[in-house]
Amino acid sequence: MRTATLGPVQRAEALTRMADRELDVLVVGAGVVGAGTALDAVTRGLSTGLVEARDWASGTSSRSSKLIHGGLRYLEMLDFALVREALKERGLLLERLAPHLVKPVPFLYPLQHRGWERIYAGSGVALYDAMSVSSGHGRGLPVHRHLSRGRALRVAPALRKDALVGALQYYDAQMDDARYVATLVRTAAAYGAHCANRARVIGFLREGERVVGARVRDVEGGRGSAGEYEVRAKQVVNATGVWTDDTQALIGERGQFHVRASKGIHLVVPKDRIHSSTGLILRTEKSVLFVIPWGRHWIVGTTDTDWDLDKAHPAASSADIDYLLEHVNSVLAVPLTRDDVQGVYAGLRPLLAGESDATSKLSREHTVAHPVPGLVVVAGGKYTTYRVMAKDAVDEAVHGLDQRVAECVTEDVPLVGAEGYRALWNGRARIAARTGLHVVRVEHLLNRFGSLTEELLDLMAADPGLREPVSGADDYLRAEIVYAASHEGARHLDDVLTRRTRISIETFDRGTRSARECAELMAPVLGWDEQQIEKEVEHYEKRVQAERESQRQPDDQTADAARLGAPDIVPL
């Protein structure tokens, strides 16, 4: 299989090819579900297009808790089918589909009551492990264990002694959600899908009642008819998450269900602020709170509040930040303060809302509908089960195709970079010796790119300056910035600092010190002149300034107004 490159030339070709002939399937929206749907469709032999109004995963799919998990708390709701399905997917991702991107992560659950709580919670975690193993894909994770208070405090010294009487430790998995989606898109493109970001659907094409395609605007190509394409397709799949209702409105049809947005925010703090060798999961009065290991950082989240303001840039308010700090500090011996917070990000969960109580779904279930001929809508669900959602969406689309179509095969289709990853990992010391990179750098690249690491090593061989770390963000090499623009579809500085890397949330300056250097590295690939470099840097600095201001505001309304003070680099 060839490795697809998603550079500027390939993007232009994708738009032209989508407009040249009728596709079998056009997918609108390149979050994890849309990207997964494109991969599912193209690996069934269907001609497939994928368009995204902004950047891959620029909405919900880059702002999650970054967990691949079965949903332990859904056991408490007795939703065994949902947990079993998610655990199977977790195992597939860890073992077969993306071992370079999805990694085990331990969690400690502090017990606060003697006797009954250990039996109650222990039974739930034991069932969780049993369901994982019974799925046939759960043997790669250690089983849970019971800890006394003393042993728990040795594992997590950061906890207050009076915050627990004992603990349970169990395992789930995590990934970089935005990187995962970019890899999904590249995998779909490698199998022949035509993929274009910054390509916005501005209307659907109709033949009577039937949807027969979409009118797509290349938002990078300026306004007017010159940047518009008519993309015809036998079936269109709307996978736009929290924008589902907006996209449905383009056909003037009332949807069979509605999607409402729930805001979740996360804090990123340095590793040394919480002394622990394991993640934490804590009960709150509303849900659960996670403290998740994240490289040299911790991610603390999340909240769950209704959001009906700007969907593109959900804002975290001062009240949101205080909520998380208050709850995590309730168990920490050394409390966190605002000064400890390196980064803050907010995302929106797409939750299903039916026309009545009778048609309402549980928040994390998904639904697929065929509201009019030629148009399939998929919504709801959770990141872990994206592959199942994609399969269901393509199955529904196939019903509208007048041809015989193969069954879903994505259970056996590793993402690009997975093939050969374990062998390269075993040989990482040799790679370090051969290239002169420190073995830690090689491990970093392998866990972000898998076997595609060789492509980055080629860039460094051609230009030794790319071996150097990025100024102000030395976890990343300069080669990764160039590669993001040349191979991964990054079109703007914001794409690189917030999604291809996580510099925007992993540094106290939120990427402003790295911005100019990164823009200058991207410029030759994307054909930027000095004026465009200045524009990119200025836009990014204004974005950071607006986000900081929003996080000082007392509530959602004022936070939203402050965040909207920074316009998008490309108006939609």
Side-chain angles (χ1 to χ4, degrees), residues 1-6 39 66 68 90-106 137-142 171-187 189-191 271 277 293-297 410-470 473-484 486-488 500-502 506 521:
M1 184 184 78
R2 67 184 178 87
T3 299
T5 298
L6 299 177
L39 177 59
K66 320 212 182 311
I68 295 292
R90 185 190 71 177
L92 280 170
L93 295 172
L94 278 165
E95 296 170 11
R96 183 187 302 168
L97 303 185
H100 56 315
L101 301 176
V102 181
K103 305 294 178 183
V105 59
H137 297 282
R139 299 188 184 277
L141 292 179
Y171 280 76
D172 257 319
Q174 70 176 163
M175 56 30 215
D176 182 328
D177 47 9
R179 170 145 301 284
Y180 191 94
V181 174
T183 308
L184 259 181
V185 175
R186 286 191 71 186
T187 307
Y191 283 101
K271 195 79 169 181
S277 61
W294 180 254
R296 294 200 292 170
H297 309 84
T410 54
E411 193 170 316
D412 297 304
V413 178
L415 303 196
V416 291
E419 200 70 42
Y421 158 73
R422 289 191 174 92
L424 289 171
W425 179 260
N426 292 341
R428 61 194 183 278
R430 287 198 305 272
I431 297 172
R434 169 169 60 88
T435 61
L437 290 173
H438 193 284
V439 69
V440 171
R441 295 289 189 191
V442 175
E443 290 174 352
H444 163 85
L445 293 173
L446 287 172
N447 283 331
R448 284 170 53 75
F449 304 97
S451 56
L452 299 181
T453 294
E454 294 292 346
E455 296 181 353
L456 285 101
L457 296 176
D458 289 344
L459 286 178
M460 292 182 237
D463 181 357
L466 298 181
R467 297 160 53 92
E468 298 300 317
V470 174
D474 62 4
D475 282 350
Y476 300 95
L477 299 179
R478 288 160 57 92
E480 295 177 74
I481 310 303
V482 174
Y483 190 80
S486 63
H487 286 69
E488 297 181 329
R500 302 308 182 281
T501 71
R502 293 302 187 159
E506 292 176 349
L521 287 167

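All values below were derived from every heavy atom in this structure, side-chain atoms included, with hydrogens, water molecules and symmetry-related copies excluded.
Under the ring pair (Phe, Tyr, Trp, His ring centres under 6.0 Å) criterion, His487 pairs with Tyr483, not counting sequence neighbours. With sequence neighbours left out, Gln174 forms a side chain to side chain donor-acceptor pair (under 3.5 Å) with no residue at all. Glu480 is linked by a side chain to side chain donor-acceptor pair (under 3.5 Å) to His444, Arg448, counting only residues two or more places apart in sequence or in another chain. With sequence neighbours excluded, the residues forming a side chain to side chain contact (heavy atoms under 4.5 Å, CB included) with Ala432 are Val439, Val442, listed by chain and number. The side chain to side chain contact (heavy atoms under 4.5 Å, CB included) check on Leu97 picks up Leu92, Leu93, Arg387, with sequence neighbours excluded. Evaluation of the salt bridge (charged side-chain N to carboxylate O under 4.0 Å, His left out) rule for Arg502 yields Asp176, Asp177 as partners, not counting sequence neighbours. Evaluation of the side chain to side chain donor-acceptor pair (under 3.5 Å) rule for His297 yields Gln342 as partners, not counting sequence neighbours. Asp474 pairs by the salt bridge (charged side-chain N to carboxylate O under 4.0 Å, His left out) definition with Arg296, not counting sequence neighbours. Shown here are the side chain to side chain contact (heavy atoms under 4.5 Å, CB included) partners of Ala173, two or more places apart in sequence or in another chain: Ile68, Arg90, Leu94, Val102. With sequence neighbours left out, the salt bridge (charged side-chain N to carboxylate O under 4.0 Å, His left out) criterion links Arg441 to no other residue. Annotation: side chain to side chain donor-acceptor pair (under 3.5 Å) contacts of Arg179 (sequence neighbours excluded): Glu488.
Judged as a salt bridge (charged side-chain N to carboxylate O under 4.0 Å, His left out), the pairs with a partner in residues 413-438 (not counting sequence neighbours) are, in order, Arg428-Glu443, Arg434-Glu454.
The nearest pair of heavy atoms linking Pro106 to Ser277 is CG-O, 4.2 Å. Taking both residues in full, the closest heavy atoms of Ala190 and Ala4 are given as N-CB, 3.4 Å, listed atom of the first, atom of the second, then distance. Minimum heavy-atom separation, Met460 to Leu437: SD-CD1, 4.0 Å.
Atoms CG and OG1, from Asn447 and Thr453 in turn, are 8.5 Å apart once rounded to the nearest 0.5 Å. For the atom pair CD1 (Ile431) and CG (Leu424), the distance works out to 5.0 Å, reported to the nearest 0.5 Å. Remark: Phe449 CZ to Leu101 CG distance equals 10.0 Å, nearest 0.5 Å. For the atom pair CG (Leu141) and CG (Asp172), the distance works out to 7.5 Å, reported to the nearest 0.5 Å. One distance of note links CD1 of Ile481 with OG1 of Thr501; it measures 5.0 Å at 0.5 Å rounding. Atoms CZ and CG, from Arg467 and Leu457 in turn, are 9.0 Å apart once rounded to the nearest 0.5 Å.
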Quiz item: Can Leu452 and Arg186 be said to form a side chain to side chain contact (heavy atoms under 4.5 Å, CB included), step by step?
Solution: CA-CA 11 Å; Leu452 299 181; Arg186 286 191 71 186; 3.5 Å; yes

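For the pair His100 (side chain) and Val416 (backbone), a donor-acceptor distance under 3.5 Å is present. Between the Ser451 side chain and the Tyr421 main chain, no donor and acceptor come within less than 3.5 Å of each other.
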